[in-house]
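Only one structure is covered here, and it is reproduced in the block below.
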There are 2 protein chains.
Amino acid sequence: MDAGQTYDVVVLGAGSTGENVADVVVRGGLTAVLVEAELVGGECSYWACMPSKALLRGSEAIAAARAVDGAAQAVTGAQDVAATLARRDAFTHDWDDSSQARWVRGAGIDLVRGTGRLVGERRVVVTDGEGRTTRLTARHAVAVCTGSEAAVPPIEGLADVDPWTPREATSAKAAPGRLLVVGGGYVGCEMATAWQALGAEVTLLHRGERLLEDMEPEAGDAVAAALRERGVDVRLDTDVTTARRDGTEAVLGTGDGEVRGDEVLVAVGRRARTGDIGIDSAGLTPGEYLDVDDSLQVRGLPWLYGVGDVNGRRQLTHMGKYQARQAGAAIVARVRGEQVSLADWSPFVATADRGATPSVVFTDPQVASVGLTRAQARQSGVAHRVVEYPLGSVAGAALYADGYTGTAVALVDPDREVLIGVTFVGPAVADLLHAATIAVVGEVPIARLWHAVPAYPTTSEIWLRLLETWRG
Amino acid sequence: MDAGQTYDVVVLGAGSTGENVADVVVRGGLTAVLVEAELVGGECSYWACMPSKALLRGSEAIAAARAVDGAAQAVTGAQDVAATLARRDAFTHDWDDSSQARWVRGAGIDLVRGTGRLVGERRVVVTDGEGRTTRLTARHAVAVCTGSEAAVPPIEGLADVDPWTPREATSAKAAPGRLLVVGGGYVGCEMATAWQALGAEVTLLHRGERLLEDMEPEAGDAVAAALRERGVDVRLDTDVTTARRDGTEAVLGTGDGEVRGDEVLVAVGRRARTGDIGIDSAGLTPGEYLDVDDSLQVRGLPWLYGVGDVNGRRQLTHMGKYQARQAGAAIVARVRGEQVSLADWSPFVATADRGATPSVVFTDPQVASVGLTRAQARQSGVAHRVVEYPLGSVAGAALYADGYTGTAVALVDPDREVLIGVTFVGPAVADLLHAATIAVVGEVPIARLWHAVPAYPTTSEIWLRLLETWRG
């Protein structure tokens, strides 16, 4: 073992969250090292956001053209699956992280490849693939940004069918003949959409009674209807209890009998990647999420931060990067001995994790949501009034696609008269969302929102309709 | 002449602005009548926003699919021009306003068809096509919402070529063989884009050195480049001085010689439609814009309002409707004897006309803009810092289209640290705009905007890039 190196900040995990923590602290004048056993850039770049959206975009663009009479007649061919997969490969740089590693070094951040494990307060040992070790000491903080990994549900025989995780689903080199998707959350819905369009025969098995259960019910209903229309066999209330291989076939057992396919994608959630990073040396329990405050500092361990998926607050790339910016700012300020306010919306806290988290499901229709849903508001006892309007009745949406159907749902805090949650369901709603995010985060009063005039005829005119509906 | 009828409010002009004034005052408990000589619904529904966007959408959707490798291969045919024109006709209801007239009556508003003219304080006479007259008296207010019409530039011989105005350009039943467009504002640019895509050979003649001169320079430059790439002959710094017919050909004379085509579209701006509505009876000058305060009340004439294009403040459908809501609220409040605050952002004033007006040009690339441009800020001496970022470097944009190019320009008030102007140029940016509009109107501080996290990977991530660029 070498004598080791000392940095102001040691960051475990060079996904987008870890990269951002390191970048922020280096910009703040500190030194930082990133430790990564896999690809620099992490899940988002290689096995999640980027490849999944690249797989989805082609069929979305074709569907959009087909939905406009006059343009539809130009779409006489079929999507080129090989070209779509090649485009996906281009977005993942063929799973080669050299450009990201260059960015890291260009940003003045050191990079050590290998598995980092805590071995005591502010001390990390990195072990590379050949068993060589590097000792790292953090003068000020260790930021754990090791993320999450696919959860494996307790299905008898599941290991024997060698199921896809989201990683294999986003990186597969060809469409399977028949794909069985277990789980109707956003990953299951997106991958069912993508692979059906790329030629697979898809069966989606979901134990709940509705897809996308964490979102407004309009979302899951619309996505289920669209998947079925495209030929996906969507089975709700369906628990998968057994799995086995029968020759090359994968066979899943459910209460309603067996389902057969060529590949099985299991997409039933995530678990913290804290099993093998030595957090027991800090008195924490391996495998558990890190319990952090709003500055992402682990409670009781001022030198340790848990940022991104690993803390279980909000498992989304953009929220991990947001937390990274806030945690990085907090680390820099604390090193400088400056005051770190933990008040809501201060530069050091991830307030938006609670009540202002945006998310987009890139199915077709898309689902874009920020803040609370009706159910969440009810469950947490937050006073609210609901305002709904059909998106297809907005001129901009009707121009976008013939027969456009969609929904906007907004929750208003009736006392402060500010928005506390907005969901859009419909084709191409992803970029409608940020207006809602700014309105929610900015706590812009309804009275002022009347002066924020949507340009006509854009789909954003939904804002005027929601305000008119609110006024009654 | 009949004995006449009395209403609380008489509205001249049943375009979208007039409809909204009437609707708001009726909802406020007043009675109202709309006077309209042409189609109920006005320019926007029949000869502007709706038909122009319907003409543009098909080729936009095809271009979007062609820009995605894998999807592009599906687009092996051509746009169906007849189907596109039929779709446009459906959006204009074949220039039949019966559904809008039904809406008016359903909203409890009376409708009198004919040309309304002021004949004294709160008194109007309507003359229909057969010369029959109806007297109308307004108990409280007359709202002039007669809009604007195409300006005719002083080009020798222009009348002889029987040029298209924007009305003919949006309602033509077939693409001309060769279309000469005079004027490089948003109408000229949109119609050049539309008709070139629908088969015309288009020459665009613009006297200025850049298209879309009121917008950021990146806008006009990008639109000119795109038009040229599609085969439009864009001639800048080109003054049209003469016009004549040579057989069926239209011939325009410029400093650089003659240009020949089959039709000529003149799109060089608008003028107030106040020439023949009797405003001289109120001591005002026919043909001039109505000079109004922020509640849209004509200065010096408390019973008269000028709402929408007719006041020359902001000639955009959505701003006319906005003014209508504000003016309608002011009329109702004044009738009730309630306090009408003229303070910025009150419910009775059109504050957004100054500094917070959104507009979208539906060319390809699109231009979406709110608030001040660099030049406007400079000219009015407003302190500002400029933040720019290339849209194509945002992951969501790169996923949207291969080789996406675009620009975002934001102006920040350096003292208050709020946005005072934002322009997006690029494919499909129209619905990015409303986030900027809410940020500008809501005066949301930059420090808070950091908590408004854009969902990844959407094009809205441009917001994070702008913030990072601002921070430096």
Side-chain angles (χ1 to χ4, degrees), chain A residues 44 49-50 53-54 57-58 61-62 64-65 68-71 73-80 83-84 87 91 317-319 322 345 347 351-352 356 358-360 368 395 399-400 430-435 437-439 441-442 444 447-460 463, chain B residues 44 49-50 53-54 57-58 61-62 64-65 68-71 73-80 83-84 87 91 317-319 322 345 347 351-352 356 358-360 368 395 399-400 430-435 437-439 441-442 444 447-460 463:
Chain A
C44 166
C49 322
M50 292 306 282
K53 278 62 196 179
R57 174 62 192 146
I62 290 171
V68 180
D69 194 25
Q73 290 84 337
V75 188
T76 46
Q79 182 169 11
D80 183 326
T84 299
R87 186 171 190 258
F91 274 101
T317 288
H318 46 276
M319 297 313 282
Y322 164 66
W345 311 116
T351 308
S359 72
V360 175
L399 286 160
Y400 180 82
D431 281 306
L432 289 184
L433 184 61
H434 202 58
T437 306
I438 290 180
V441 168
V444 182
R448 182 64 69 92
L449 285 177
W450 278 102
H451 293 274
V453 182
Y456 190 83
T458 64
T459 308
S460 298
W463 283 89
Chain B
C44 166
C49 321
M50 292 306 283
K53 278 62 195 178
R57 173 63 192 145
I62 291 171
V68 180
D69 194 25
Q73 289 85 336
V75 188
T76 45
Q79 182 169 9
D80 184 325
T84 299
R87 186 171 190 258
F91 274 102
T317 287
H318 47 275
M319 297 312 283
Y322 164 67
W345 310 118
T351 308
S359 73
V360 175
L399 286 160
Y400 180 82
D431 280 307
L432 290 184
L433 184 62
H434 201 60
T437 306
I438 290 180
V441 168
V444 182
R448 182 63 69 89
L449 284 179
W450 278 102
H451 293 274
V453 181
Y456 190 83
T458 64
T459 308
S460 299
W463 282 89

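In what follows, every chain begins at residue 1, and chains take the letters A, B, ... in the order their sequences are listed.
Per-residue counts of heavy-atom pairs under 4.5 Å with chain B were compared for A:Pro454, A:Pro347, A:Ala54, A:Ser359; the largest is that of A:Pro454. Most heavy-atom pairs under 4.5 Å with chain A, from the set B:Val75, B:Leu399, B:Thr84: that is B:Leu399. Among the candidates B:Cys44, B:Gly442, B:Ser460, the residue making the largest number of heavy-atom pairs closer than 4.5 Å to chain A is B:Ser460. Top candidate by heavy-atom pairs under 4.5 Å with chain A, chosen from B:Val68, B:Ile62, B:Asp431, B:Ile438, is B:Asp431. Chain A forms the most heavy-atom pairs under 4.5 Å with one residue out of B:Ala395, B:Ala435, B:Ala352, and that residue is B:Ala435. Among B:Ala61, B:Ala455, B:Gly58, the residue making the largest number of heavy-atom pairs under 4.5 Å with chain A is B:Ala455. Note on B:Ala356, B:Ala447, B:Pro457: by heavy-atom pairs under 4.5 Å with chain A, the leading option is B:Pro457.
Between A:Arg87 and B:Asp69, the shortest heavy-atom contact is CD-O, 3.5 Å. Closest heavy-atom contact between A:Arg448 and B:Val441: NH1-O, 2.8 Å. Nearest heavy-atom pair across B:Gly77 and A:Thr76 is N-OG1, 3.3 Å. The two residues B:Ala74 and A:Gln79 come nearest to each other via the heavy atoms CB-N, 3.9 Å.
For A:Ala78, the part lying near chain B is the backbone, with the side chain staying farther off; criterion is any non-hydrogen pair under 4.5 Å. Proximity to chain A is limited to the side chain of B:Val444, based on heavy atoms less than 4.5 angstrom apart. For A:Leu449, the part lying near chain B is the side chain, with the backbone staying farther off; criterion is any non-hydrogen pair under 4.5 Å.
In this structure, the side chains of A:Val360 and B:Thr458 come closer than 4.5 Å at one or more pairs of heavy atoms. No side-chain heavy atom of B:Lys53 sits less than 4.5 Å from a side-chain heavy atom of A:Tyr400.
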Where do A:Met319 and B:Tyr456 land on the side chain to side chain contact (heavy atoms under 4.5 Å, CB included) test, with the steps shown first? CA-CA 9 Å; A:Met319 297 313 282; B:Tyr456 190 83; over 6 Å; no

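Although no hydrogens or angles enter the test, the distance criterion places no donor-acceptor pair under 3.5 Å between the side chain of B:His318 and the main chain of A:Val453.
Using cut-offs of 30° and 60° for the angle between ring planes, the B:His434 and A:Trp463 rings count as tilted.
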